[in-house]
Amino acid sequence: MSTKSLYAKSDFFSCGVKGCALASVDLTDAEGLRELLRAIKNAKEETLDYAALENRVLVNFEHKYLTDGEEAQAGLLAGDALVFLDGQAGCVLVNVRKYELRSISEPPTAGVIKGPREGFIENLKSNLSMLERKLRTPDLEIERLKVGRRTTTDVAIVSIRGIADRNVVDEVKRRLERIDIDGVLDSHYLQMYIEPRPYSVFNQVGTCEKPDIAAAKLLEGRVAVLCDGTPIAITVPFISFEDMQSSEDYYERSTFASLLRVTRVIALFLGVFLPGFYVALEVYHFSALPLQLLLTIMNATKGVPFPPLAEILFVMLLFEIIREAGVRMPQAMGLAMSVVGALVLGDTAVKAGMIGSPAVMIVALSSIATYTVPDSAGSSSLLRIVFTIIGGLLGMYGLLVCGMFLLLYLAGMNGYGAPYLAPYAPDIGRDKQDGLLKTPVVDIARRPRSIPTENDTRQNTVHDRRGNG
């Protein structure tokens, strides 16, 4: 193999043995490189060949003999070292890479009171090791590939053989192999290629930052895609109700978990429909309000110069500006700015007569409610604006018609064989055991029918509540 193409990107130097040279880059671990050099220098053979190098010298190193120049260059750029022997074809790739990694900690977006607190980090190998620790089975299947012409990012497709539908695994692999892009820096790049409808505003793949969530989804028959350089794992197939679930639901009593899920569903509907409902009532259907409530709203909005629709949209804009500024500002200032900005700005605007206090309360409640389901907060915020405009222009009838069209659109979505609104559209009674009302895990004997699987048996016996099972 010619080494000329590698000189520009690496350091070449002699190993101290005649006819042996080594190539490395800045990512290579210095201590590991010194150990490799000592091992080669201590070789007793006067002349080495690759067989002796692999079987006698590099026994304590992870290594691989290569004849493909592109594969060797990819390994070198990833931080491995290449050992060349003069006059012999090929080279040996030795794993001496070392990256600076952050410690494993609880993800900021998936905090729990009970349950595991470890989360994925930006290193693919560490993330796979956490998954392998959760799933100690020889059926855990990991397929590796590289995506991105310039970045050659390591990507892993993880599934459980005998549970995951092979057609789903093959389809995910086919979609990833078709990606032809300069670079992949985050799993969101892959998400757009994996989704059946990449231009839809709704999530069509699951995302998680915790290995226990990823392991649970794999045990249900899903396929996970992990990308080097990001702590976010992607899972398919995906159904919308996954956003209503939390990992803590499975570490609490089922009755309490059911209450939390009902609360999330109510909060999601309030977040999306409440501003539009308020505007529709105030503009077109004020006679439907109780008299005392109507008088309260009229007194609170008296003197406001904007019509109800413009008022609500203006308050939404203020809240979005405060939220975005709170996220982008330094952490020490962000929280204080958000609280002070919301209180001072909102209170001042109400006292100045620019907006009414009911509008502030409605938008604040709606904004808080959307973040009870954080994974769908983006699509919920967009839908909230759309339904507010519809409520202001077409009233309650417009909201009902557009809501029906939205349900029809969602019911028609089907990704990787999983109906988007399952288990309620279509009605799958068995899957409702882990639906809005959660059944104790001891009574769930089958995997979800809405997820294509090769084996739907979760447990062979169901718990006997009388204590005999």
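Heads up: numbering here begins at 1 and tracks the sequence. All values reported here derive from a predicted model rather than from experimental measurement.
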For Leu408, does the CG atom sit with more than 12 other heavy atoms under 6.0 Å from it, leaving out its own atoms? yes
Closest approach of Ile428 to Ala422 (non-hydrogen atoms, all atoms of both residues): CD1-CB, 4.2 Å
Indicate yes or no: at least one non-hydrogen side-chain atom of Val158 is less than 4.5 angstrom from one of Val223. no
What residues form a side chain to side chain donor-acceptor pair (under 3.5 Å) with Ser367, not counting sequence neighbours? Arg384
List for me each residue that meets ring-ring contact (aromatic ring centres under 6.0 Å, His included) alongside Tyr251, sequence neighbours excluded, and say none if there are none. none
Using modelled atom types and a 3.5 Å cut-off, is there a donor and acceptor pairing between side-chain atoms of Asp249 and backbone atoms of Ser246? yes
Using side chain to side chain contact (heavy atoms under 4.5 Å, CB included) as the criterion, list what pairs up with Tyr424, not counting sequence neighbours. Phe241, Lys432, Leu436
Can you list the residues that meet the side chain to side chain contact (heavy atoms under 4.5 Å, CB included) rule with Glu252, with sequence neighbours excluded? Lys114, Glu248, Phe256
Taking side chain as C-beta onward, heavy atoms only, is Ile163 less than 4.5 Å from Asp139? no
Rounded distance [0.5 Å steps], CD1 in Ile232 versus OG in Ser187: 6.0 Å
Say you draw a straight line from CG of Leu218 to CG of Leu135; how long is it, rounded to the nearest 0.5 Å? 6.0 Å
Taking the side chain from Gln459 and the backbone from Val441, do they hold a donor-acceptor pair closer than 3.5 Å? yes
With a cut-off of 6.0 Å (strictly less than), are more than 12 heavy atoms of other residues, nucleotides or ligands near CZ of Arg449? no
State, without any angle test, whether Asp165 and Thr453 hold a side-chain donor-acceptor pair at a distance under 3.5 Å. no
Carboxylate-amine/guanidinium proximity below 4.0 Å for Arg161 and Glu454: no
Just how far is it from atom CG of Leu274 to atom CG of Leu365, taken to the nearest 0.5 Å? 5.5 Å
Identify, with sequence neighbours excluded, every residue that meets side chain to side chain donor-acceptor pair (under 3.5 Å) alongside Asp186. Thr230
How would you list, by chain and number, every residue that makes a side chain to side chain contact (heavy atoms under 4.5 Å, CB included) with Pro231, sequence neighbours excluded? Arg102, Phe120, Glu122, Glu209
Would you kindly say whether Thr457 and Arg446 are connected by a side-chain donor-acceptor distance under 3.5 Å? yes
Results of side chain to side chain donor-acceptor pair (under 3.5 Å) for Arg166 - residues two or more places apart only: Glu141, Glu143, Asp170
Look at the side chain of Thr372 and the backbone N and O of Ala369, then say whether any donor-acceptor pair between them is shorter than 3.5 Å. yes
Check: Val363 main-chain N/O paired with Ser366 side-chain donor or acceptor under 3.5 Å: no
Check whether more than 12 heavy atoms from other residues, nucleotides or ligands sit under 6.0 Å from atom CZ of Arg136, and answer yes or no. no
Ionic contact status for Lys217 with Glu242, cut-off 4.0 Å: yes
What residues form a side chain to side chain contact (heavy atoms under 4.5 Å, CB included) with Leu93, not counting sequence neighbours? Leu66, Asp80, Leu82
Can you see which heavy atom on Pro419 is nearest to which on Pro426, and at what distance? CB-CD, 3.5 Å
Point-to-point distance, once rounded to the nearest 0.5 Å, from CE of Met130 to NZ of Lys125: 13.0 Å
Residues in salt bridge (Lys or Arg N to Asp or Glu O under 4.0 Å) contact with Asp434, at least two apart in sequence or another chain: Arg261
Taking only Lys NZ, Arg NE, NH1 and NH2, and the carboxylate oxygens of Asp or Glu, determine whether Arg323 and Glu320 approach each other closer than 4.0 Å. yes
Closest non-hydrogen atom pair between Ile179 and Ile181, with its separation: CG2-CG2, 3.6 Å
Heavy-atom donor-acceptor pair, Arg222 side chain to Pro237 backbone, under 3.5 Å: yes
Donor-acceptor side-chain pairing of Ser380 and Tyr371 below 3.5 angstrom: no
Any side-chain heavy atom of Phe238 sitting closer than 4.5 Å to one from Glu195? no
Heavy-atom side-chain contact between Ile385 and Met316 under 4.5 Å: yes
Taking side chain to side chain donor-acceptor pair (under 3.5 Å) as the cut-off, I'd like each qualifying pair that reaches into residues 412-421, sequence neighbours left out, listed once. Arg175-Tyr416
Any Leu176 side-chain heavy atom under 4.5 Å of Val225 side chain: yes
Given the rule in the salt bridge (Lys or Arg N to Asp or Glu O under 4.0 Å) test, do Arg174 and Glu177 qualify, once you have shown the distances and angles that lead to the verdict? CA-CA 5 Å; Arg174 184 182 66 82; Glu177 289 177 339; over 6 Å; no
Quick check: closest heavy atoms across Ser200 and Tyr409, and the distance to 0.1 Å? OG-OH, 3.1 Å
Greater than 12 external heavy atoms within 6.0 Å of Arg253's CZ: no
Does atom CZ of Phe269 have more than 12 heavy-atom neighbours from other groups under 6.0 Å away? no
Tell me the closest heavy-atom pair linking Leu421 and Ala411, and the distance in Å. CD1-N, 3.7 Å
Hey, are the side chains of Leu36 and His63 touching, using non-hydrogen atoms and a 4.5 Å cut-off? no
Return yes if some donor-acceptor pair links the side-chain N/O of Glu220 with the main-chain N/O of Pro448 below 3.5 Å, else return no. no
Mind checking the CG-CD1 spacing from Asn127 to Ile104? Nearest 0.5 Å is all I need. 8.0 Å
When you compare the side chain of Phe319 with that of Glu324, does any pair of heavy atoms fall below 4.5 Å? no
Let me confirm one number: the CG-CG distance from Asp228 to Leu185, rounded to the nearest 0.5 Å. 11.0 Å
Determine which pairs satisfy salt bridge (charged side-chain N to carboxylate O under 4.0 Å, His left out) with at least one residue from residues 148-159, sequence neighbours left out, and list them in order. Lys146-Asp154, Arg149-Asp180, Arg149-Asp182
Least distance between heavy atoms, Leu268 atom then Ser376 atom: CD1-OG, 4.2 Å
Tell me, with the steps shown, if Val92 and Lys64 meet side-chain contact (heavy atoms from CB on, under 4.5 Å). CA-CA 6 Å; Val92 175; Lys64 180 181 180 181; over 6 Å; no
Given 3.5 Å as the limit, does a donor-acceptor pair link the side chain of Thr153 with the main chain of Val184, or not? yes
Would the distance check show the side chain of Thr439 and the main-chain N or O of Gln433 forming a donor-acceptor pair, the cut-off being under 3.5 Å? yes
Thr263 vs Val265 side-chain heavy atoms within contact, under 4.5 Å: no
Working note: Phe202 + Ser240, criterion side-chain contact (heavy atoms from CB on, under 4.5 Å); need CA distance, chi angles, decisive distance, verdict. CA-CA 9 Å; Phe202 297 97; Ser240 62; over 6 Å; no
Partner residues of Glu118 under the salt bridge (Lys or Arg N to Asp or Glu O under 4.0 Å) criterion, sequence neighbours left out: Arg133, Lys134
